[in-house]
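So the structure is just underneath, and the comments pick up after that.
Bear in mind that the values here come from a model prediction, so they are computed numbers and not experimental data.
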Amino acid sequence: MSQPERIPSSRTVRLGRVQPQSPGHRTIYCNDREANLPVRFKGNSISTTKYNFFTFLPKGLFEQFRRVANLYFLTISILSTTPISPVSPITNVIPLSLVLLLSLIKEAFEDWKRFQNDMSINNNMIDVLQDQKWVSIPWKKLQVGDVIKVKQDGFFPADLLFLASTNADGVCYIETANLDGETNLKIRKALEKTWDYLTPEKASEFKAEVQCEQPNNSLYTFTGNLILQNQTLPVSPNQLLLRGCSLRNTEYIVGVVIFTGHETKVMMNAMNVPSKRSTLERKLDKLILTLFATLFVMCFIGAVGSAVFVNKKYFYLHLESSEEGGAQFDPRNRFLVFLLTMFTLITLYSTIIPISLYVSIEMIKFIQSTQFINKDLHMYHLETNTPALARTSNLNEELGQVEYIFSDKTGTLTRNLMEFFKCSIGGEVYGTGVTEIERGIAERSGKKIEENISSNAVREKGFNFDDPRLMRGAWRNEPNPDNCKEFFRCLAICHTVLPEGDESPEKIKYQAASPDEAALVIAAKNFGFFFYRRTPTMIYVRESHVEKMGKIQDVPYEILNVLEFNSTRKRQSVVCRYPDGRLVLYCKGADTVIYERLADGNNDIKKVTREHLEQFGSSGLRTLCLAYKELHPDVYESWNEKFIQAKSSLRDRERKLDEVAELIEHDLILIGSTAIEDKLQEGVPACIETLKRAGIKIWVLTGDKIETAINIGYACNLINNEMKQFIISSETDAIREVEERGDQIEIARFMKEEVKKELKSCLEEAQSYFSSLSGPKLALVIDGKCLMYALDPSLRVMLLNLSLNCHAVVCCRVSPLQKAQVTSLVKKGAQKITLSIGDGANDVSMIQAAHVGVGISGLEGMQAVMASDFAIAQFRYLADLLLVHGRWSYLRICKVVTYFFYKNLTFTLTQFWFTFQAGFSGQRFYDDWFQSLYNVIFTALPVIIVGLFDKDVSASLSKKYPELYMEGIRNVFFKWRVVAIWAFFSLYQSLIFYYFVSSSSLSGKNSAGKTFGLWDVSTMAFTCVVVTVNLRLLMICNSITRWHYISVGGSILAWFIFIFLYSGISTPYDRQENMYFVIYVLMSTLCFYLTLLLVPVAALFCDFIYQGVQRWFFPYDYQIIQEMHRHDDTDTSRAHLLEIGNNLTPAEARSHAISQLPREISKHTGFAFDSPGYESFFAAQLGVFAPTKAWDVARRASMKSRPKIGHK
Amino acid sequence: MMEPHSAPTPKKYSKKPKYSKFSQQELPAWKPILTPGWVISTFTVVGIVFIPVGLASLFSSESVEEAAIRYDDKCLNEIHAQNAVAFIKNDMTNKTCTTSWTVERKMQGPIFIYYQLDNYYQNHRRYVKSRNDKQLVNPASEGDTTNCYPQDKTNGSMPIVPCGLIAWSLFNDTYKFWVNTKSLTVNKKDISWGSDRSHKFGSKVYPKNFQLGGLVGGAKLDENIPLNQQEDLIVWMRTAALPSFRKLYGKIETNLEVNDLVEIVIENNYNTYEFGGNKRLILSTATWIGGKNPFLGMAYLFVGGVSLLCAIVFILLYVIKPRPLGDPSYLSWNKNPGILK
């Protein structure tokens, strides 16, 4: 609490209160709780629970009754309390309450876990400044404006404004792993004015006011001003410490709480992923609707029958007398009879809708995802310590039906492990390495490449380069050593990398935003320009061989400005001051943007370098252009003023900074280019090959240049030379010509025409191939600009037709938004099941758009994972996820659903047949308890066991024969035909049950000549139903574990135990008398046993014939595979096959990939480098939350080109 | 839900899932394959088991002697045939009717006498629930006539015991038998299931106010005999499952020899004419499977026979159209390589 005597002093600083506050701002009085009181900021305690103690029951029940099935059964239960009901309420109430209870327990359990988690977080302790002392209070007591101290390795309890740290120069290091999954450290720097407020005594003097934006969910932006001692200081994300991050390498820091609790950026980001429903479940809804229709028809028939039946002549029924509900049978009003009987029969036949279906499926899927997918050792990645994670259990079976995979490239197919591989300096190529692609090309053309890696070549992670002309100072003897020097300096200075650890070349670690950057800095180190220390204003480089060979000197460069990378700029610049006062701007970026900004002249170098860029690009390398520019101090000063102005602006800061940067980044001098190898992920080619065999079509959507993308396509087996490639690119001369003229409208019109023309011709060609059986496989490559027009509603159909005929589609240069558009094009347009896989923030929209979203968990940010339905560590695990888990889940859920359908239909139909012989009165055939426990006890468990354990072929065979997966794509196991077959057998079986049991009921049943009554017959029939339905389950199993025996035997046993008890005791409750002693009566007759043997066999007879014929004459693929491997010893074969299927070594995978490479040198001209990795780090969440409209894409595209025009 | 703060646990612990056969889905399992061998042997086994059982059942069913005599039409003379309902409802008319039947094969005692009603809906919802089991077993609950309307109370609001439509419509035809002018005793003891007598009908519950209403549905009960000894009622109240049903009337403990002429005197009281039902009198012996029930044996024989037939057909099919087990050429993608396109 602030002390009374200090209030006046703090009041004097409150300048902001006089000014009218724009609603977009919040004003915080630091270190003054009372002043903040009127605003009522939210507290710092968080709650992620759905319910509390009081709302749990009403809210939880409400949630449950939002399901149609539950609502239906509630209605039925209410109906069954009325006299028109033939059954007592327990028939429907018991199953419903059991189902609800189970669901509520699950909800409560999950919510309890969330609550405990919240509690432990809220009760963490933090040091807060009170009375010039640090006082420890729990997190939840923290308030906006408090000054707090966070110690090393501690978590920030709220979003803080960074004031002071124990490090020199007011910096601290934070780890953002919880926020975005990145484990590298980030640097944050406090404002110079606040550096001193470190001790409690000093900090208590800190009286200031913060004006800043309202809470929002953008993790990487923050604008605000700190008003301290009548000075307004701009505050940027650099001074913001976000909740969820932790402090590293810093003893402690002091900060002011800005946003608390649910208003912190991390909590604002914690959105619930919109829940997806699987396609199978939607089909299930249709089945349920069909069942409703059947129910209606049955009731209608029964009701008409009843209306016709009622007649005064059945005097013993007293049909005309009206007691309560007695009017139901009044022959004088047949329409009323019809109506009331309708309702009666709806309650009677309600079992046709399987009440426990949804809860059973939910349980099965929950166990499938938590026990099978999450715990699969085959999907555990040791290096990153990441198991697979099913973030939703809704989509397990969807994984078994995926037909289209949309994959991101960087980080997903490729490793995002960048190694400095080659470079071009001053028109000369350096680097002796040969890429996989080049080697493949060479081997195809018959050449053998001898790789003589010299023994003293430097090898380290991120650096795979050797050229004696450059190493160990040899560059001094090259034709243009100055150029080399600038090249190396640019690498060493122009970056945002943080050095960590010991300042020696061997031990230093670089923390970089993207692996490219780290690779470049490592390269500089190996070239003798060792960047070893960074302070907020300085970069220290240990330069060797600069003055003369062998001389090593430490050179401090003052960093004046950093013009950061973002997706629109595609470049990064640093303005630095040499120790001798020289001002130099170093710039690196994509070739297109750099070439636009080069000074005139030096055309030779430009031309040669461009050729080199093309070379690099076609070798699958990622390129960056380096340039520099000397600055005149006056020019710089005047520019710097504008820069500072832009930097402190509250609104549109980003845009203004970009504009200011544009003013200085021109007339650059080209130094050269770098080429970085992007390593493929382990096992990618093999996995893609497997998935292709499984009938899955893979589309690569990447931000890379078309050439890089095609090369990666080759490298990972997606495209090969046997395929016919359609390339629709915006990089044609005609388009370029129009673009030169710069008229946006004309460009758009022209592009659209071009794209239309291209699409048309490609489609015609594709169709001609398609009509001829032996045509080649097709591949489509399209770039983002063309795609923008192709996605136009008028061309969309053509694009879809073309792409659906293609086996591989590569879309390059696409924005995140376009990724999503392409995904939904196939999802909605073709009605195919799609899966998106990606690792970065730029994949979020695509992941959310697809039926199934898969995130790569591991190195890059967590955003893709947070948006995904499944997270796996490696692309190759997709084979396990789809071919094993997905296929099994699909198979199992299909079996569960069809079996549920069958067992309830069979049961209800026996009841239906009885209706015909009971005067359509709606008399129940079975006892209430039989009916209510049928679904929840006597037939509940075995089907769950099938849903968990059934497997047709083993996991390894699933991967060995990926073609099996096609059964899922074609939805072989849940077609209407399948349902119809089940329905047919239901019909047959129900007739057997009813007529076999009832037809022999006439005569005496034992040697004492006694006969059976209604309840004896129905109990016998019910026993037959329970036994048969459980045995039928065994017939659908492909593998029978001990759990099958236990559950099936247990269910049948449960029925007998139940009936022994139920008919053995005599309670005074209504109706139970009917059943008294019935089972003992039955069991005293031989007839019962004879029936019990006969009826199930007769009922299952047709099913058995069907299965025998089906298997022998129309076998499913999986059945053939089962037969082929019937003698396999499961364990050994699994281990053996595993090695083939999964653990392909990188070398093997590569060699496989190489064999697929093109024969002649491709004409790719890959000169651009454009890394989605950058974008994900800088979180240009472009398109993630943007509306998916075509005009929006156009607007974005035009925005990108605007600065270019302005510049020229 | 993204909640980042749960991580203050030690950083380097392995998230490697623990191995278990369950989670790796490697539980030992029997993987049956429905090979022709299995199919044929299953059919054969079913055939081998079912045919003898069927033969035994059928044989014992055939050994049962059964005679069915429809009398509802016979017991109407031509005058009354025109107006059967009025005849049956009239208390004054003489409903005694005599018929005779010659024994065709020897019937070993005990011979069971059943009456069979057709088109009689004892399983109608209205009918089935029209009883009160508490009242039947417990003298204290005699006032409890829930569900019994309209046969719950007399006009004077006295509870009817036993109440309800079932009891009210109690069958009341009677039969008397003479063989060669010698009267046969009909034993009416132990014609109901013992459990009914001991638990569902009380030994201290006596009929009260029964059949006093304006409309008499059927038989009257002796008010001095407790319900658990009113076996006709007990049998009647074990309602039948189907609209055609037989109920045990009594037993004849002696044998009937071939060509014995049995004279039957029927009191044709029960009104089935109104709803067009039939009445039959059944005389039947019983064996270990009960009365004559050829269906069970036939069904067994049929299933067993078809089973054997199937076995043969399948053998022939496999000979005519053989398929080597596990032949990869039957895989869909091998049969039709274009499918991958």
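Taking the centre of each ring, H318(A) and W168(B) come in below the 6.0 Å mark. Ring to ring, F1077(A) and W193(B) are not that close: their centroids are 6.0 angstrom or more apart.
Ring orientation note: the planes of F315(A) and F275(B) are tilted relative to one another, at an angle of 30° to 60°.
With a 4.5 angstrom heavy-atom cutoff, T287(B) touches chain A only via backbone atoms. Of the two parts of S1084(A), only the side chain, counted from C-beta on, holds a non-hydrogen atom closer than 4.5 Å to a non-hydrogen atom of chain B. Of the two parts of D327(B), only the backbone, made up of N, CA, C and O, holds a non-hydrogen atom closer than 4.5 Å to a non-hydrogen atom of chain A. Of the two parts of Y120(B), the backbone and the side chain both hold a non-hydrogen atom closer than 4.5 Å to a non-hydrogen atom of chain A. Using a 4.5 Å cut-off between heavy atoms, K292(B) touches chain A through its backbone atoms (N, CA, C, O) alone. For P294(B), no part sits under 4.5 Å from any heavy atom of chain A, backbone or side chain. With a threshold of 4.5 angstrom between heavy atoms, D196(B) does not approach chain A through any atom at all. In this structure, chain B has a heavy atom under 4.5 Å from the side chain of F914(A), while its backbone stays farther away. In this structure, chain A has heavy atoms under 4.5 Å from both the backbone and the side chain of V39(B). Contact of I367(A) with chain B is made through the side chain alone, with heavy-atom distances under 4.5 Å. Residue V85(B): no heavy atom, backbone or side chain, is found under 4.5 Å from chain A. For V884(A), no part sits under 4.5 Å from any heavy atom of chain B, backbone or side chain. Both the backbone and the side chain of T1011(A) come within less than 4.5 Å of a heavy atom in chain B. Both the backbone and the side chain of V303(B) come within less than 4.5 Å of a heavy atom of chain A. For S192(B), the part lying under 4.5 angstrom from a heavy atom of chain A is the backbone only. Residue contact with chain A, scored on non-hydrogen atoms closer than 4.5 Å, involves the backbone and the side chain of P32(B) alike. Contact of S169(B) with chain A is made through the side chain alone, with heavy-atom distances under 4.5 Å. Proximity to chain A is absent for every atom of N132(B), based on heavy atoms less than 4.5 angstrom apart. In this structure, the portions of L34(B) lying under 4.5 Å from any heavy atom of chain A include both its backbone and its side chain. Only the backbone of N1038(A) comes within contact range of chain B, with at least one heavy atom under 4.5 Å from a heavy atom of that chain.
Taking K1010(A), R1042(A), M1035(A), M1124(A) one by one and counting their heavy-atom pairs under 4.5 Å with chain B, the maximum is reached by K1010(A). Taking chain B as the reference chain and counting heavy-atom pairs below 4.5 Å, the highest number among F996(A), Y961(A), F1012(A) is found for F996(A). Note: S998(A) leads S1018(A), A1098(A), C1087(A), S998(A) in heavy-atom pairs under 4.5 Å with chain B. Interface remark: of the candidates V235(B), V49(B), N119(B), T285(B), N119(B) forms the most heavy-atom pairs closer than 4.5 Å to chain A.
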| request: List the steps, then state whether ring pair (Phe, Tyr, Trp, His ring centres under 6.0 Å) holds for F372(A) with F22(B). | output: CA-CA 8 Å; F372(A) 297 160; F22(B) 171 71; 5.3 Å; yes
| Candidate pair Y121(B) and Y316(A), rule ring pair (Phe, Tyr, Trp, His ring centres under 6.0 Å), full reasoning | CA-CA 9 Å; Y121(B) 288 90; Y316(A) 54 91; 7.8 Å; no
| said: What verdict does the ring pair (Phe, Tyr, Trp, His ring centres under 6.0 Å) test give for F329(A) and Y127(B), after you've listed the backbone C-alpha separation in whole Å, the side-chain angles of each residue and the deciding distance to 0.1 Å? | reply: CA-CA 11 Å; F329(A) 298 115; Y127(B) 194 81; over 10 Å; no
| field | Audit row: T35(B), R1111(A), side chain to side chain contact (heavy atoms under 4.5 Å, CB included) steps and yes/no | value | CA-CA 8 Å; T35(B) 58; R1111(A) 173 146 207 149; over 6 Å; no
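Between K951(A) and E26(B), none of the side-chain N atoms (NZ, or NE/NH1/NH2) sits under 4.0 Å from a carboxylate O, so this pair counts as no salt bridge. One finds a salt bridge joining D1016(A) and R238(B) here, because a Lys/Arg side-chain nitrogen approaches an Asp/Glu carboxylate oxygen to under 4.0 Å.
Contact check for P387(A) versus K16(B): no side-chain heavy atoms found under the 4.5 Å cut-off. Contact annotation: the side chain of W30(B) approaches that of Y1045(A) to within less than 4.5 Å [non-hydrogen atoms, C-beta and beyond].
When all heavy atoms of K312(A) and E274(B) are compared, the closest pair comes out as O-OE2, 4.4 Å.
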